[in-house]
Amino acid sequence: MAKGFSLMTWNVNSVRARLDNVLTYLDEHEPDVACLQETKVENALFPRVPFMELGYQVALNGTKGYAGVATLVKGQKPVDVQLGFAEGPEDKHKRILALTYEGVRIYNLYAPNGTALGSEAFAYKLDWFARLRGELDARFGPSDEVVLCGDFNIARDARDTWSVESMKGGTHFTPEEHAALDALENFGLHDCFRKFDDAPGRFTWFDYRGGSWEKKHGLRIDYVYATAPATERCTEVVHDWEPRAWDEPSDHVPVVARFADT
DNA sequence: ATGGTCGATGTTCGA
């Protein structure tokens with residue numbers, strides 16, 4: 001018997017710049033676990049107190065001014081916290097934080113952006129996904145309850161772009177990135193949102209530039225992936241566009257999933 | 001038309 005819970009993932013693009021928005025959202029929605037990406041702050045300067053006042057305990061993997069993830073757990077101490085990859089060279093960009101909640105291993109992920117085709121950063125992105133698949137192989141089986149959520153910086157298929165044409169020549173929609181995501185899925189992971197909704201245009205990110213939000217020109221790059229037993233427990237995944245319309249928004253929207261009792 | 005707007009940092013960079 002494991003208790004049901006709600007899981008939010010949100011790339012907040014600086015937790016300090018977005019503090020009021022994030023606190024407002026957590027206060028209204030009270031997710032049991034909240035995975036934040038792009039916190040852009042070293043651990044010592046993370047604003048722990050206002051989250052603790054909302055009842056959250058905080059697990060941090062941040063660095064100065066760039067990238068960084070944080071996982072907030074409501075009313076419980078974070079269990080079996082892992083920062084970065086389990087093995088091999090350090091994840092120096094601070095993009096991974098895993099913990100266990102109600103029997104589920106929850107990975108909070110901020111995949112590398114990739115910057116430009118042919119760049120070192122693009123090669124690093126592909127290698128990062130390969131290492132992630134390797135870690136799953138080494139530590140879990142597809143019958144374990146594992147959830148990977150966060151900003152994957154890849155649009156999975158044409159429905160997840162506002163225009164395939166606009167993606168040409170850039171990152172986030174290349175054969176190499178799709179192969180990397182396929183390899184991850186082939187471990188035995190399911191795209192939970194697509195269990196409930198197969199429509200195009202269900203975006204999670206809208207560029208600050210060029211009036212993308214007003215035109216609804218976005219991408220779906222934030223995901224909740226789960227192994228089969230966890231996917232069976234998943235009863236809902238919502239992309240909440242409301243905070244994208246608030247003042248001083250993140251360019252990403254929160255994604256909230258619900259997992260049932262077992 | 002290779003633009004544009006953020007955030008952290010420092011007079012650019014990554015996204």
Side-chain angles (χ1 to χ4, degrees), chain A residues 9-25 35-48 50-51 60-70 84 90-97 108-129 132 149-156 160-174 176-177 180-181 203-223 239 241-255:
Chain A
T9 177
W10 193 4
N11 179 323
V12 296
N13 186 19
S14 170
V15 70
R16 290 178 294 179
R18 217 66 58 210
L19 190 58
D20 287 350
N21 283 8
V22 175
L23 292 171
T24 296
Y25 197 81
C35 295
L36 310 182
Q37 298 90 34
E38 255 195 297
T39 50
K40 291 186 169 177
V41 64
E42 59 199 286
N43 295 345
L45 297 181
F46 189 97
R48 293 165 169 271
F51 292 105
L60 302 175
N61 191 17
T63 190
K64 188 176 179 178
Y66 177 71
V69 291
E90 185 191 3
D91 173 31
K92 60 183 183 295
H93 298 109
K94 312 295 187 188
R95 299 176 177 278
I96 300 174
L97 194 158
N108 175 3
L109 301 173
Y110 173 43
N113 176 287
T115 308
L117 299 185
S119 66
E120 269 184 44
F122 190 72
Y124 181 82
K125 180 179 191 176
L126 299 178
D127 182 61
W128 188 90
F129 275 97
L132 190 58
C149 71
D151 176 1
F152 286 62
N153 269 319
I154 300 172
R156 185 168 177 263
D160 303 321
T161 77
W162 65 274
S163 148
V164 167
E165 188 64 29
S166 72
M167 305 303 290
K168 288 182 179 163
T171 59
H172 292 53
F173 199 71
T174 62
E176 294 91 338
E177 288 161 295
L181 197 55
F203 305 133
T204 64
W205 173 83
F206 301 88
D207 202 321
Y208 287 124
R209 298 168 289 192
S212 298
W213 166 245
E214 287 71 20
K215 291 185 277 194
K216 304 301 181 247
H217 288 178
L219 299 175
R220 189 172 74 104
I221 54 178
D222 300 87
Y223 300 88
H239 297 164
W241 285 16
E242 191 182 321
R244 186 63 180 82
W246 292 352
D247 288 341
E248 300 182 57
S250 171
D251 44 356
H252 295 252
V253 309
V255 176

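Just so we're on the same page: letters track the sequence lines, and every chain starts at 1. If you're wondering where the values come from, they're calculated on a predicted model, not measured in any experiment.
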A.B. asks: A/N153 CG to B/dA15 C1': how many Å, rounded?
C.D. replies: 8 Å
A.B. asks: When rounded to the nearest Å, what value does the distance between C1' atoms of B/dG14 and B/dT9 take?
C.D. replies: 12 Å
A.B. asks: Do A/W241 and A/W213 make the cut of ring centroids closer than 6.0 angstrom?
C.D. replies: yes
A.B. asks: Using whole Å, report how far NE2 of A/H217 lies from C1' of B/dG3.
C.D. replies: 15 Å
A.B. asks: For nucleotides B/dG10 and B/dC6, find the distance between their P atoms and express it as a whole number of Å.
C.D. replies: 22 Å
A.B. asks: Grab the CG-C1' distance between A/L45 and B/dG7 for me, whole Å please.
C.D. replies: 15 Å
A.B. asks: side-chain contact (heavy atoms from CB on, under 4.5 Å) between A/R16 and A/L45: does it pass, once the steps are laid out?
C.D. replies: CA-CA 9 Å; A/R16 290 178 294 179; A/L45 297 181; 4.1 Å; yes
A.B. asks: Donor-acceptor pair, A/R95 side chain versus A/L109 backbone, under 3.5 Å?
C.D. replies: no
A.B. asks: Taking the side chain as C-beta and beyond, is there a heavy-atom pair between A/S163 and A/H217 under 4.5 Å?
C.D. replies: no
A.B. asks: Nearest whole angstrom, please: distance from the C1' of B/dG3 to the OH of A/Y208.
C.D. replies: 19 Å
A.B. asks: Examine B/dG7: is either OP1 or OP2 under 4.0 Å from a nitrogen or oxygen in the side chain of A/Y66? Give yes or no.
C.D. replies: no
A.B. asks: Would you find a donor on one side and an acceptor on the other, under 3.5 Å apart, between the side chain of A/Y223 and the backbone of A/R156?
C.D. replies: yes
A.B. asks: Which part of the nucleic acid, if any, lies within contact of A/Y110, taking any heavy atom under 4.0 Å across all strands shown: a base, the sugar-phosphate backbone alone, or nothing?
C.D. replies: sugar-phosphate
A.B. asks: Regarding A/R95, tell me which of base, sugar-phosphate or nothing describes its non-hydrogen contacts under 4.0 Å with the strands shown.
C.D. replies: sugar-phosphate
A.B. asks: Between B/dG4 and B/dA15, how far is it from one C1' atom to the other, in whole Å?
C.D. replies: 13 Å
A.B. asks: Between residues 114-129 of chain A and DNA chain B, which residues have a heavy-atom gap below 4.0 Å?
C.D. replies: A/T115
A.B. asks: Could you state the atom-to-atom distance from NE2 of A/H93 to C1' of B/dA8 in whole Å?
C.D. replies: 16 Å
A.B. asks: For A/D207 and for A/E42, find the nucleotide of DNA chain B with the closest heavy atom, then tell me which residue's nucleotide is more 5'.
C.D. replies: A/D207
A.B. asks: Quick check: do A/H239 and A/R220 have side-chain heavy atoms less than 4.5 Å from each other?
C.D. replies: yes
A.B. asks: Taking DNA chain B as the partner, which of residues 10-21 of chain A come within under 4.0 angstrom of it by heavy atom?
C.D. replies: A/N13, A/S14, A/A17, A/R18
A.B. asks: Only one of A/E38, A/H252, A/Q37 passes side chain to side chain contact (heavy atoms under 4.5 Å, CB included) with A/N13; say which it is.
C.D. replies: A/E38
A.B. asks: Distance-only, no hydrogens or angles: does the A/N61 side chain make a donor-acceptor pair with backbone N or O of A/I96 under 3.5 Å?
C.D. replies: yes
A.B. asks: I need the CD-P distance between A/Q37 and B/dG7, as an integer number of Å.
C.D. replies: 17 Å
A.B. asks: In whole Å, what is the span from the CH2 atom of A/W213 to the C1' atom of B/dC6?
C.D. replies: 17 Å
A.B. asks: Return yes if some donor-acceptor pair links the side-chain N/O of A/D207 with the main-chain N/O of A/L219 below 3.5 Å, else return no.
C.D. replies: no
A.B. asks: Ring-plane angle category for A/Y66 and A/H93, please: parallel below 30°, perpendicular beyond 60°, tilted otherwise.
C.D. replies: perpendicular
A.B. asks: Taking atom P in both B/dT5 and B/dT11, what distance in whole Å separates the two?
C.D. replies: 23 Å
A.B. asks: Starting at the 5' end of DNA chain B and moving along, which residue's nearest nucleotide shows up first, A/E38 or A/P249?
C.D. replies: A/P249
A.B. asks: What is the separation between atom CZ on A/R209 and atom P on B/dG7, rounded to the nearest whole Å?
C.D. replies: 13 Å
